[in-house]
**Q** 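Next up is a structure, given as structure tokens.
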2 protein chains.
Amino acid sequence: MTVTLADVAARARVSPATVSRVLNGNYPVAAATRERVLRAVAEMDYVLNGPASALAAATSDLVGILVNDIADPFFGIMAGAAQSEIGRPEGSGRAGGAKLAVVCNTGGSPERELTYLTLLQRQRAAAVVITGGALEDPAHIAAMTAKLTRLAQAGTTVVLCGRPPLPAGGPGAPIEAAITFDNRGGGRRLTEHLLALGHRRIGYVAGPPERTTTRHRLEGHRAALRAAGITEDQDRLTRHGPYTRRSGHEATLELLRRDPGLTAVVAANDTVALGACAALRELGLRIPGDISVAGFDDLPFAVDVGPALTTVRLPLAEAGARAGRIAMGREAVPPGGLATMGATLLARASTAAPHD
Amino acid sequence: MTVTLADVAARARVSPATVSRVLNGNYPVAAATRERVLRAVAEMDYVLNGPASALAAATSDLVGILVNDIADPFFGIMAGAAQSEIGRPEGSGRAGGAKLAVVCNTGGSPERELTYLTLLQRQRAAAVVITGGALEDPAHIAAMTAKLTRLAQAGTTVVLCGRPPLPAGGPGAPIEAAITFDNRGGGRRLTEHLLALGHRRIGYVAGPPERTTTRHRLEGHRAALRAAGITEDQDRLTRHGPYTRRSGHEATLELLRRDPGLTAVVAANDTVALGACAALRELGLRIPGDISVAGFDDLPFAVDVGPALTTVRLPLAEAGARAGRIAMGREAVPPGGLATMGATLLARASTAAPHD
DNA sequence: CTGTTAGCGCTTTCAG
DNA sequence: CTGAAAGCGCTAACAG
């Protein structure tokens, strides 16, 4: 029923091989012949059979992008940038190069992460870009390392974006490259900003435990505190939860219950900060008059919430684009396969000196 | 190098056919044999070759989800819900059913929409879910109709989510179903709310022209005005632009320049409303004291901006999930293939009676 | 520059 | 319930 390469070849009065060649543009074909083939393709509305060509060529034009939460712009921005780089036609006016960049939503679940990787392996994906922080569970790290090793063996290029190479400081999975963010430095600078304003009792609403992103941001926070000579037990002033508004809301109430003397709350990211702000408002506290709040990521809405959120900007789009280009082999792999992108403090209206 | 079905068969001492049967679980196999095969699969770390099986079976386990802007939670929420339904294993403990739901970001570009559809057709996708409003350009409608027709002929199920069937009230493309939102009704109720508060001069920051979503929301707005006896030329109080914060910002300034007497601004969606709020604040106007602002969609951040945004809630997750289930044949197609989901007015703090 | 010839790895009748 | 055999539609040497 559907038209095949052979049908096109018959109509163009050439061999199937020739049709394949003009379609893939990777082999010299006489201009006249090419045109005749192209005309036949157009006339017959021919669409290449992806599976068949993938089978024969032992590689497909599918590129997977894994994200933890597709409804979160943090991932959407990275994925969009990566996808647009990957979908971009190759430099010269070639017919090939058109890759199908697809994003897969793991929902933050380690099992689904592995499942998607298997599905992508099954499709013989040309490359895989994995975004967002990783789970630091030994079993999962082992499973991921094994899976990525197999993917690499099968010829799939693996690039991490916003995630450190796995395992953190171990033998390492055979990835092409890793683009990471300076979460630790960003966290440190954010807290230094608060300390400079005069804050001493700072609550911290952390992300889910065992996530690299969570740990690094928290480490930066604590390093700043330590450097300022604040040595008291910080665990009491820290509460872990998912990267959601709701978690920020609950955690803030809880932290304030534990220590009503807090003058500032630092959230694991902007979304969590939104929940913190809401909780504070419900308590009748003014921001930053009564208490300061800070986020992380600088998502587009951060500047619009009331008051504009002090946060740390991460070059999400740039990182995603870079990961996409590396996955396509269009950008040199950074030295050591590792590139860290800066995190910039953005001091806005939600932080101010504590009210004596 | 990589292990094939035949390798597994050899190790399990059965024929390749048998291995295929246990893997697909669609044919009776003796329990003992099945177990032997499964063990061999596990021991050899075998992963099915997707392209080969898709070629042989003439269908793949790929399902595409098209979105206009992956960085926008409006799409992220729908896509996430759809993807999670599609990725969900089938009811019974079957091995099959595991579909690879992938989201494709068109960036709102008609060409890329068509390109992705072709790529998906090339992959012999099992189904395609297209989210978001459609472009009402005759040429694009024709191209889409043709493309969707070919997809359907090739056995791909097409479901629209948040988009009316194409062409609007014409012969219609052969889609399985369309889930739409009551954008018109929502728009009408939102403006009725403003009118009830006493507003008479309302600026409208519309979305991109020629988009169904834009048109329907605007129609609802104008219907409410007409019903209230406001007959003056509304074009002067309307300005089109992309669904971005920046557009909301610029358009609001422009509308206020055209008519400084505006007492309210209605935005095409929450993101645009954010830009409108920012512009108003820069002008030193208080919301809602000096001027009211309303959005549309009720994205998660809407309640957190200052002041909390009056908007219209759309059941995005529910619509996406439903579209996903229909695409998988797990939910009955609604009567006439068309289901409209309600839009609920959410009156919050950003709207109030005009200040005399 | 173009045609011929083998498969790629799997599914699927069709027989047992 | 299981095996044998015939392709699915395309690409990739290899000749010409």
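In what follows, chains carry the letters A, B, and so on, assigned in the order in which the sequence lines appear, proteins first and then strands, with residues in each chain numbered from 1. In what follows, every heavy atom counts, from backbone to side chain, and hydrogens, waters and symmetry copies are set aside.
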**Q** Using whole Å, what does the distance between atom P of nucleotide D:dT2 and atom CZ of B:Arg13 come to?
**A** 15 Å
**Q** Which atoms form the tightest heavy-atom contact between A:Pro51 and B:Arg122, and what is the distance?
**A** CD-O, 3.3 Å
**Q** Compare the minimum distances between each of C:dT11, D:dC1, D:dA12 and the side chain of A:Ala17, then state the nucleotide with the smallest one.
**A** D:dA12
**Q** Above 12 or not: heavy atoms from other molecules or residues under 6.0 Å from CD of B:Glu43?
**A** yes
**Q** Can you find a donor-acceptor N/O pair under 3.5 angstrom joining the side chain of A:Arg21 to the base of C:dG3?
**A** yes
**Q** In chain order, what residues pass the side-chain contact (heavy atoms from CB on, under 4.5 Å) check against B:Pro16, with sequence neighbours excluded?
**A** B:Ala9
**Q** Using a heavy-atom cut-off of under 4.0 Å over every strand shown, decide if B:Val14 touches base, sugar-phosphate, or nothing.
**A** sugar-phosphate
**Q** Could you check which of D:dA13, D:dT2, D:dG9 has an atom nearest any side-chain atom of A:Thr4?
**A** D:dG9
**Q** Could you check which residues of residues 32-42 of chain A get a heavy atom under 4.0 Å from DNA chain C? Sort them by number, please.
**A** A:Thr33
**Q** Taking B:Thr106 for its side chain and B:Val67 for its backbone only, find out whether a donor-acceptor pair lies under 3.5 Å.
**A** yes
**Q** For B:Thr33, which residues count as a side chain to side chain donor-acceptor pair (under 3.5 Å) partner, sequence neighbours excluded?
**A** none
**Q** Without hydrogens or angle criteria, can the side chains of B:Asn49 and B:Ser53 be said to hold a donor-acceptor pair below 3.5 Å?
**A** no
**Q** Taking OP1 and OP2 of D:dT11, is either one under 4.0 Å from a side-chain nitrogen or oxygen of A:Ser20?
**A** yes
**Q** B:Arg21: what forms a side-chain contact (heavy atoms from CB on, under 4.5 Å) with it, not counting sequence neighbours?
**A** B:Ala17, B:Thr18, B:Tyr27, B:Val29
**Q** A:Tyr27 has an atom OH; how far is it from atom C1' of D:dT11, in whole Å?
**A** 12 Å
**Q** What pairs of residues pass the salt bridge (Lys or Arg N to Asp or Glu O under 4.0 Å) test when at least one of them lies in residues 140-165 of chain A, not counting sequence neighbours?
**A** A:Glu113-A:Arg163, A:Arg150-B:Asp45
**Q** Of the listed nucleotides (C:dC1, D:dT2, C:dG3), which one gets closest to any side-chain atom of A:Ala30?
**A** C:dC1
**Q** Quick one: A:Asn24 CG to D:dA12 C1', roughly how many Å, whole number?
**A** 11 Å
**Q** Grab the CG-C1' distance between A:Leu23 and D:dT11 for me, whole Å please.
**A** 12 Å
**Q** Please determine whether a side-chain nitrogen or oxygen atom of A:Thr18 lies at a distance below 4.0 Å from atom OP1 or OP2 of C:dT2.
**A** no
**Q** Checking contacts here: which listed nucleotide (C:dT2, D:dC1, D:dT11) is nearest the side-chain heavy atoms of A:Leu5?
**A** D:dT11
**Q** Rounding to a whole Å, what distance do you find between A:Arg124:CZ and D:dT11:P?
**A** 17 Å
**Q** Would you indicate whether the side-chain heavy atoms of B:Asp7 and B:Met44 approach each other to under 4.5 Å?
**A** yes
**Q** Near DNA chain C, under 4.0 Å by heavy atom, which residues of residues 49-58 of chain A?
**A** A:Leu55, A:Ala56
